[in-house]
Amino acid sequence: MILSAFLLALPQEDAANPAAPRGRAEVWRLDRVETLDGDALENVTLIVREGAIEQIGQALIVPDGARVRDLRDSGMVASPPLVLTHANFLIQDQRGSGNASRWRAVDSLWLAEGWEKDLLREGVLLAGVDPPGSGLPGRTSVIEAGGGWPRPQALVNDLHLKLTMSASPAAKEVVRRALKEADEAIEKEKKAREEWEKARADWVNQQKEKEKEKAEKEQAEKQQSGEKKEGQGGKSARAQDEEEKPPPETFEPPAFPPDLQAVVEWVRQERLAQVWISSAADFVHWQDVLDERELPYELVLRHALSQNFHEIAEQLAQAKVRLDVPAIITFLPFTRIRANLPAELARAGVERLVLSPAGDSLRELRDFRGAVTRVVSEGLDRKRAFEAITLEPARALGQEGRIQALKAGAPANFVVWSGDPLDPMSRAMLVVKDGKVVYDREKEEEEEARR
Amino acid sequence: MSLLLHLIALAGAAAPLQDPPPAPEAEKQAEADKPAEAPKEEPKPAPAAESPWLAVVGGDVYTVTGGVVRGGTVLCKDERIVAVGSQVRVPEGARVVDARGMRVYPGLVAVNSSGLVRGSGAGARDGFDPFSLNLDLALTGGLTTVQGGDTIVKLTRGTLDGHLVGTGPWVDLNVSPTTSSGRRELAARFAKAREHLRARRDWRIATELGKAEGEEPKPEGVDEEALALLEGRSTARFQADGQKDLLAICDFLEEFPLQSVIFGGREAWTVAGRLGRTGTRFVLTARDKFWADDTLNRASGWSIENARILWEHGVEFAILPEQAGVSTGGIIGRDLMTLPLEAAFAIRGGLSQDAALRAITLDAAKVLGIEDKLGSLEPGKDADLIVCDGDLFHYRTFVQWTVVNGRIAYDKQKAPYFAHIRPRPEASAEEVLEAIRKAAQEQAGEPSEPAVEPAADDPEKQADGR
């Protein structure tokens with residue numbers, strides 16, 4: 001009793017005294033930090049200890065023995081790292097268009113040496129990858145840069161169920177069939193469980209009855225002692241007990257086929273579907289496939305330079321799901337009328353907005369911040385845009401714990417840019433992961449010069 | 001309260017301003033954006049767009065089957081027309097299309113279109129793009145129902161609901177005048193089917209009279225298509241332009257009377273009387289040229305009067321442009337975007353306006369076998385209609401609104417295509433004030449017109465009573 005009280009008290013004491021020295025502190029002094037937690041801070045001291053931000057603010061006292069990195073008067077700006085939801089230039093594979101949901105994106109990763117640099121150079125720390133192909137090609141994964149080669153540090157191997165939808169009978173049929181099969185499999189499992197429950201209950205009842213019989217017999221024995229019959233009867237009952245195998249104590253569900261497992265989890269609301277659509281019509285057909293069924297999903301909008309999602313902006317907002325949208329200024333179909341889809345969706349009331357590069361290639365990633373800047377200059381709220389390339393995609397990948405607004409208690413994951421992060425001219429100079437510098441542009445350039 | 005709202009709604013209807021009023025969703029949004037402290041002066045009425053009622057008021061209504069109603073109202077509920085007339089009460093909150101000074105026609109029907117139906121049967125629904133350019137352009141041309149391949153669809157913009165109308169309109173038959181063996185073979189097929197039908201009929205009569213011997217005759221070796229045609233369960237389609245071919249079809253139809261339709265018919269005017277007696281229908285292209293053969297000792301070639309002559313001999317027909325698609329290519333004025341102009345060419349050849357209108361509405365629906373559902377403005381039919389700013393067959397006329405299944409699928413001033421060409425005139429201040437005054441009078445219990453309707457609350461009842 002006393003011991004347990006002591007154990008409980010320990011962490012409390014620890015939390016009450018955060019200043020307790022636990023490892024060496026690192027102090028960053030910066031001109032400006034885009035914290036994404038309220039307004040940006042100027043003239044900032046950032047104290048990092050054991051991979052987490054201990055304190056952030058102006059005029060903080062530098063702890064004793066801390067290592068100080070003074071980046072003031074350089075125009076550098078720190079911000080949370082960018083998160084890329086679809087780093088599919090890291091994927092190389094060919095797949096068809098049916099239900100192949102047994103596959104995971106990590107199974108198709110194809111990493112060259114230095115793959116991380118491609119991400120880190122753009123200030124990207126976390127990246128989602130998707131299984132290639134259409135229909136139900138598999139499940140998405142999340143990888144983190146700064147973890148090493150040849151294998152990446154995969155944070156999550158098995159995340160969302162990818163699904164592509166289009167205005168075609170074949171595309172709809174793949175999903176409808178998968179849903180039907182999953183429903184049947186669930187029904188089958190339910191039946192098996194009911195059978196087991198019945199068998200178990202019967203068996204338990206039998207046991208009880210037998211014991212009752214036994215007890216009655218024993219009583220009868222006591223009453224009519226001296227007779228020989230009952231000896232035989234007892235023996236046969238015991239033999240019967242041995243013959244009858246009791247049903248297992250816990251229910252063992254029948255295994256689902258490998259391509260149905262993830263679909264079943266989706267139907268049971270245990271997994272999110274990531275639905276890829278490329279036009280307004282696709283969304284209408286997606287709603288048709290859902291047919292009023294409540295299934296968890298998020299939408300990935302992937303369209304060409306001309307798109308017609310404005311037709312359904314309000315419906316998309318009403319769907320109350322996360323939207324992953326390319327950060328490009330588009331044209332209304334068959335016109336030169338410019339459209340800023342992300343801004344339009346934000347206006348329509350879409351709450352969870354993720355901005356992505358216009359395509360899956362590395363080239364698009366390199367143009368990404370410039371593209372975001374254009375979307376902002378043509379109407380999307382700047383803070384909204386910033387969140388849509390950092391915090392919201394982190395949430396989309398289930399990594400809201402890893403990538404947070406820069407405040408005390410958050411993990412020390414941030415990027416130091418040479419200037420305003422949303423200025424395409426500025427570059428990622430340093431990427432800090434759990435308090436450690438995992439990318440240093442100056443060092444890299446020096447090394448390259450030496451070569 | 002509701003009095004004032006009604007008044008505002010009426011004023012809004014009377015004054016189509018250049019800037020369209022904000023969509024109700026946007027209004028709601030604006031409402032939500034307002035600071036919560038701001039006391040709301042009045043509770044909002046139910047957003048107008050959610051009303052199941054749609055009233056097209058004040059236009060000259062060309063019903064096709066019931067003449068023209070001057071300054072009439074077409075009242076629709078959900079996807080059906082419930083009332084057409086000059087004294088129809090519009091329910092409160094109804095969506096109102098102000099058609100004053102305009103003409104209201106049934107939605108146009110195109111047979112054998114291309115580029116608008118994607119896939120076949122249920123697949124056409126699953127492959128339908130409810131926002132495609134072709135669809136929009138077809139709606140600007142006033143089309144509401146099209147057939148392509150074996151599938152008939154409605155141009156339901158923005159939704160898959162109600163898209164599919166039907167499948168399998170007809171069976172193709174080939175009666176060639178040059179290969180007698182083919183004709184003999186076809187006739188033999190139908191003769192066998194007819195024999196079977198007769199044997200079955202006799203057996204049934206005998207059974208009823210209690211004199212039947214043996215079992216019901218089985219359709220062994222009998223062509224199922226031929227049976228369906230002879231029993232009137234499906235329609236035969238022929239392809240023929242020349243007189244010889246048309247006469248061969250007449251021969252066949254005289255021997256085996258069937259429901260039928262002939263595509264082409266360029267020389268049909270030369271044998272219109274005989275064609276009329278077979279009861280066949282046509283799908284014509286009024287401007288389809290076909291030069292006369294001066295070596296023949298008979299009338300030949302095409303005629304601008306083809307449609308008129310056929311009409312006078314009791315032949316019903318649908319009119320189709322040379323290119324039955326919707327596209328931004330090709331010859332302008334010869335595709336489905338300008339279907340009425342194709343019919344106008346038949347008018348030039350002497351066809352009456354009424355007949356031309358039928359050829360692109362009700363009679364086209366007859367060719368497709370869906371005339372019980374659409375093709376005219378009558379209570380009970382589908383709420384498919386168009387509002388035009390002039391005579392449908394005038395080159396200057398634009399479709400201002402297209403309504404499909406009771407939903408406004410096209411509004412010229414809102415869609416990007418023709419809004420800038422002769423924009424819809426705005427109402428003057430006097431007109432708006434007059435409308436408000438009139439509405440106030442009505443609300444105060446002084447009907448400005450003679451007693452309109454019995455005080456029935458349910459306009460559907462009124463529609464039934466008509």
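Letters A, B, ... are given to chains in the order of the sequence lines, protein chains preceding strands, and every chain is numbered from 1. In this text, all values refer to a predicted model and were calculated from it rather than measured experimentally.
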Would the number of heavy atoms belonging to other residues, nucleotides or ligands and lying under 6.0 Å from [atom1] of [X] be above 12?
| X | atom1 | value |
| --- | --- | --- |
| B:R396 | CZ | no |
| A:E400 | CD | yes |
| A:E294 | CD | no |
| A:W103 | CH2 | no |
| A:D39 | CG | no |
| A:Q94 | CD | no |

Heavy-atom nearest pair, A:A167 first then B:F128, reads CB-O, 3.8 Å
The interface call for A:L332 against chain B, heavy-atom contacts under 4.5 Å, is neither
Distance (rounded to the nearest 0.5 Å) between [X] [atom1] and [Y] [atom2]:
| X | Y | atom1 | atom2 | answer |
| --- | --- | --- | --- | --- |
| B:D126 | A:R176 | CG | CZ | 4.5 Å |
| B:D129 | A:S166 | CG | OG | 10.5 Å |
| A:E311 | B:R157 | CD | CZ | 4.0 Å |

Quick one: of B:S132, B:P416, B:G119, B:P130, who has the most non-hydrogen atom pairs under 4.5 Å with chain A?
->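 Among B:S132, B:P416, B:G119, B:P130, the one with the most close pairs to chain A is B:P130.
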Bottom line for B:R118: the part with an atom under 4.5 Å from chain A's heavy atoms is side chain
Looking only at A:D288, A:T335, A:N308, the option with the highest number of non-hydrogen pairs under 4.5 Å against chain B is A:D288
I'd like to know if the side chain of A:H285 and the backbone of B:L160 have a donor-acceptor N/O pair within less than 3.5 Å. no
